Chemist: 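Can you read through this structure? Questions will come right after.
No experiment lies behind these values; they were computed from the predicted model shown. Note on naming: letters A, B, ... go to the chains in the order of the sequence lines (proteins, then strands), and numbering restarts at 1 for each one.
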Number of protein chains: 2
Amino acid sequence: MSALTAAAQPNRFVPGYLAASLPSSIGGMAKVQRSADPLAAIAQVKVYDREHAIFAEGEAADAIFRVVDGVIRLYKLLPDGRRQIIGFLQAGDMMGLAFAERYLYSAEAVTATTVQRISRAQLDDLLDAQPSLARKLLSVTTSELVAAQDQMLLLGRKTALEKLASFLLALSRRTDGNRAIALPMSRSDIADYLGLTTETVSRGFTKLKTNRLIRILDGGKVELLDREALAELAECA
Amino acid sequence: MSALTAAAQPNRFVPGYLAASLPSSIGGMAKVQRSADPLAAIAQVKVYDREHAIFAEGEAADAIFRVVDGVIRLYKLLPDGRRQIIGFLQAGDMMGLAFAERYLYSAEAVTATTVQRISRAQLDDLLDAQPSLARKLLSVTTSELVAAQDQMLLLGRKTALEKLASFLLALSRRTDGNRAIALPMSRSDIADYLGLTTETVSRGFTKLKTNRLIRILDGGKVELLDREALAELAECA
DNA sequence: CGTTGTGTTGAAAAAGATCAACATGTGTGG
DNA sequence: CCACACATGTTGATCTTTTTCAACACAACG
């Protein structure tokens, strides 16, 4: 399979722009040879509390990050405070890859989070030493773009309810079992991700509950009762 | 400069997702050695009439394209026909890079267009033969993501007038001189790019005209009379 | 010279935002 | 362990923006 076809399936549940899923051996046994995860070798592990900032838009961008555990949000702000969440990141996703001298968005921990920090300088060295890595990163970045397109379609052309249905389905695609899915982020996070207000998100959930498409469980979990109907509502994506 | 910092300036006027500006010697004299533009060597030149399809979402994706001349639109459709334009491409931009087995969006010529067609198979060979190309493509793809983020902010959080102002400013950034900028695409194209209706776009233009921020010239050209005010309206981007 | 497509403008309708109140839930300190 | 305080979420009423529906102007084209 070519580097480009490898980028095929956009099975990440959110664009998480500039984020990327790279096969990671984190948590697994280190039975693979060193070259299997060259990034891990030069990574520094960091832990962030819930709701803490990892970096902010405009700061010098001297590192990229890979999420080991937890959920992170990436977002951009307008001068007057309006916020657009670019993506939610989960284990395996990367962020900071597409940057200039400075970060072009902010990153915060939604839940308590563990990340690997890879300095830009070291990454550049690694890219020189191991040209195949560039192709892997290309493949990964490319699949982010695919997800980004879907999100543009969602933001520009879908109704509130369609956005919600799309969001829940995308989430559930990430969770392996089709059991209940976790919603670690707040209504306000969801709203800023879908281009809505918290009230509209809340009303949407209520409507989906009333129509028996979903059920809210303890711990902020959601069960998708009628995946079929949700897919119809979501208009594909 | 590293491959990543090279991706810095998102000076493309539209995300044009999965499109990418790669330095091209098209139109210039071939005084550079063959390796300067390896893609040109394996490209096949094709010409498309105004409003003609180049490829459609879902078709087998066996080639990528680079625009030599003209303007192209990339878009996705919802089952009921709602359209979201992902980006407008101009000379130097690439499309089709981020794909699976099939194209994930459609491409049509807005104006009469000349493109270079590079077959996937040949591109893959070239990537094997010349690993540095992957790094260039990574840099280019990465800058697309940056533009994509801005578009997500625009679609999710900006008002109609802010969207229009942002669009005009982005366009003008592409046009070197700050003279009049060409608007080869229809109101309906602009609407589908900004997540609006044609009527709202039209009213927006009228308002900008009335407030002396722009002036409509012959041949669908627009002159930005008050770049300052437009920038304020656009809220940055 | 009519026809067709594109753009503009107006009036009515709808979706979503805003403002406001209240409910629920969580965490803290007493 | 309880009571309170503060966060977050839900619901209702109203308002605004944008869409929708409709008419018309205008230009390009056959």
Side-chain angles (χ1 to χ4, degrees), chain A residues 49-52 73 78 80-85 108 110-112 154-168 182-211 214-222 233 235, chain B residues 49-51 73 78 80-84 108 110-112 154-165 167 182-211 214-222 233 235:
Chain A
D49 277 347
R50 198 178 107 78
E51 295 298 314
H52 276 233
R73 64 173 162 255
L78 287 175
D80 65 1
R82 279 174 285 174
R83 181 178 70 155
Q84 178 65 44
I85 291 186
E108 289 173 356
V110 173
T111 66
L154 177 146
L155 289 170
R157 286 297 176 222
K158 290 190 181 177
T159 67
L161 215 55
E162 288 168 355
K163 287 176 178 180
L164 256 172
S166 305
F167 176 65
L168 290 174
L183 282 187
M185 66 291 288
S186 70
R187 292 287 182 267
S188 149
D189 282 342
I190 298 173
D192 285 348
Y193 180 57
L194 300 178
L196 301 169
T197 59
T198 60
E199 292 95 330
T200 303
V201 169
S202 187
R203 285 184 239 271
F205 274 115
T206 302
K207 192 161 216 169
L208 293 178
K209 270 188 290 186
T210 310
N211 295 23
I214 64 170
R215 199 153 56 103
I216 306 293
L217 308 177
D218 291 335
K221 284 188 181 293
V222 176
L233 236 184
E235 300 260 1
Chain B
D49 277 346
R50 197 178 108 78
E51 295 298 315
R73 63 174 162 255
L78 287 175
D80 64 1
R82 278 174 286 175
R83 180 179 71 156
Q84 178 65 43
E108 288 172 357
V110 174
T111 66
L154 177 145
L155 288 170
R157 287 298 176 219
K158 289 189 182 178
T159 66
L161 215 56
E162 288 167 355
K163 287 176 178 181
L164 255 168
F167 175 65
L183 281 187
M185 66 292 287
S186 70
R187 292 288 182 268
S188 148
D189 282 342
I190 298 172
D192 285 348
Y193 179 57
L194 300 178
L196 300 170
T197 59
T198 61
E199 292 94 330
T200 303
V201 169
S202 187
R203 285 184 238 272
F205 273 114
T206 303
K207 193 161 215 168
L208 293 178
K209 270 188 289 185
T210 309
N211 296 25
I214 64 170
R215 198 155 56 105
I216 306 292
L217 308 176
D218 291 335
K221 284 189 180 294
V222 176
L233 237 183
E235 301 260 359

Chemist: Taking only residues two or more places apart in sequence, or in another chain, which ones meet B/R215 in a side chain to side chain contact (heavy atoms under 4.5 Å, CB included)?
Modeler: B/L217, B/E223, B/L225
Chemist: Which part of the nucleic acid, if any, lies within contact of B/S202, taking any heavy atom under 4.0 Å across all strands shown: a base, the sugar-phosphate backbone alone, or nothing?
Modeler: base
Chemist: When rounded to the nearest 0.5 angstrom, what distance separates CD in A/E162 from CD in A/E235?
Modeler: 5.0 Å
Chemist: What pairs with A/D80 under salt bridge (charged side-chain N to carboxylate O under 4.0 Å, His left out), at least two apart in sequence or on another chain?
Modeler: A/R82
Chemist: Which way is the base of D/dA7 turned, syn or anti, if we draw the line at 90° from 0?
Modeler: syn
Chemist: Tell me what A/T206 touches on the nucleic acid: a base, only sugar-phosphate, or nothing, going by heavy atoms under 4.0 Å.
Modeler: sugar-phosphate
Chemist: Taking all non-hydrogen atoms of both residues, which atom of B/I190 and which atom of B/M185 are closest, and how far apart?
Modeler: CG1-CG, 3.7 Å
Chemist: Between the two end axes of the helix from C/dC1-D/dG30 to C/dA23-D/dT8, each built from 5 base pairs, what angle do you get to the nearest 10°?
Modeler: 40°
Chemist: Base, sugar-phosphate, or nothing: which does B/G204 touch, judged by heavy atoms less than 4.0 Å apart?
Modeler: nothing
Chemist: Just list the side-chain donor-acceptor pairs under 3.5 Å for residues 201-211 of chain A, sequence neighbours left out, or say none.
Modeler:
unit_1, atom_1, unit_2, atom_2, d
A/T206, OG1, A/S202, O, 3.0
A/T210, OG1, A/T206, O, 2.7

Chemist: Quick one: how far along DNA chain C does chain A reach, first to last nucleotide 5' to 3', anything under 4.0 Å to a heavy atom?
Modeler: C/dG16 to C/dC19
Chemist: Identify, with sequence neighbours excluded, every residue that meets side chain to side chain contact (heavy atoms under 4.5 Å, CB included) alongside B/D218.
Modeler: none
Chemist: Please enumerate all residues that pass side chain to side chain contact (heavy atoms under 4.5 Å, CB included) together with A/A112, with sequence neighbours excluded.
Modeler: none
Chemist: Does anyone know the first and last nucleotide of DNA chain D in reach of chain B, 5' to 3', at under 4.0 angstrom to a heavy atom?
Modeler: D/dT18 to D/dC21
Chemist: Looking at residues at least two apart in the chain, or sitting in another chain, which of them share a salt bridge (charged side-chain N to carboxylate O under 4.0 Å, His left out) with B/R83?
Modeler: B/D189, B/D192
Chemist: Closest approach of A/L154 and A/S166, non-hydrogen atoms and distance?
Modeler: CD1-CB, 3.6 Å
Chemist: Side-chain contact test, heavy atoms from C-beta onward, threshold under 4.5 Å: evaluate it for A/F167 versus A/L183 and give yes or no.
Modeler: yes
Chemist: Using a heavy-atom cut-off of 4.0 Å across all strands, would you classify A/T197 as base, sugar-phosphate, or nothing?
Modeler: base
Chemist: Quick check: on DNA chain D, is the nucleotide nearest A/S188 upstream (toward 5') of the one nearest A/R157, or the reverse? Name the residue that is more 5'.
Modeler: A/S188
Chemist: List for me each residue that meets salt bridge (charged side-chain N to carboxylate O under 4.0 Å, His left out) alongside A/E51, sequence neighbours excluded, and say none if there are none.
Modeler: A/R73
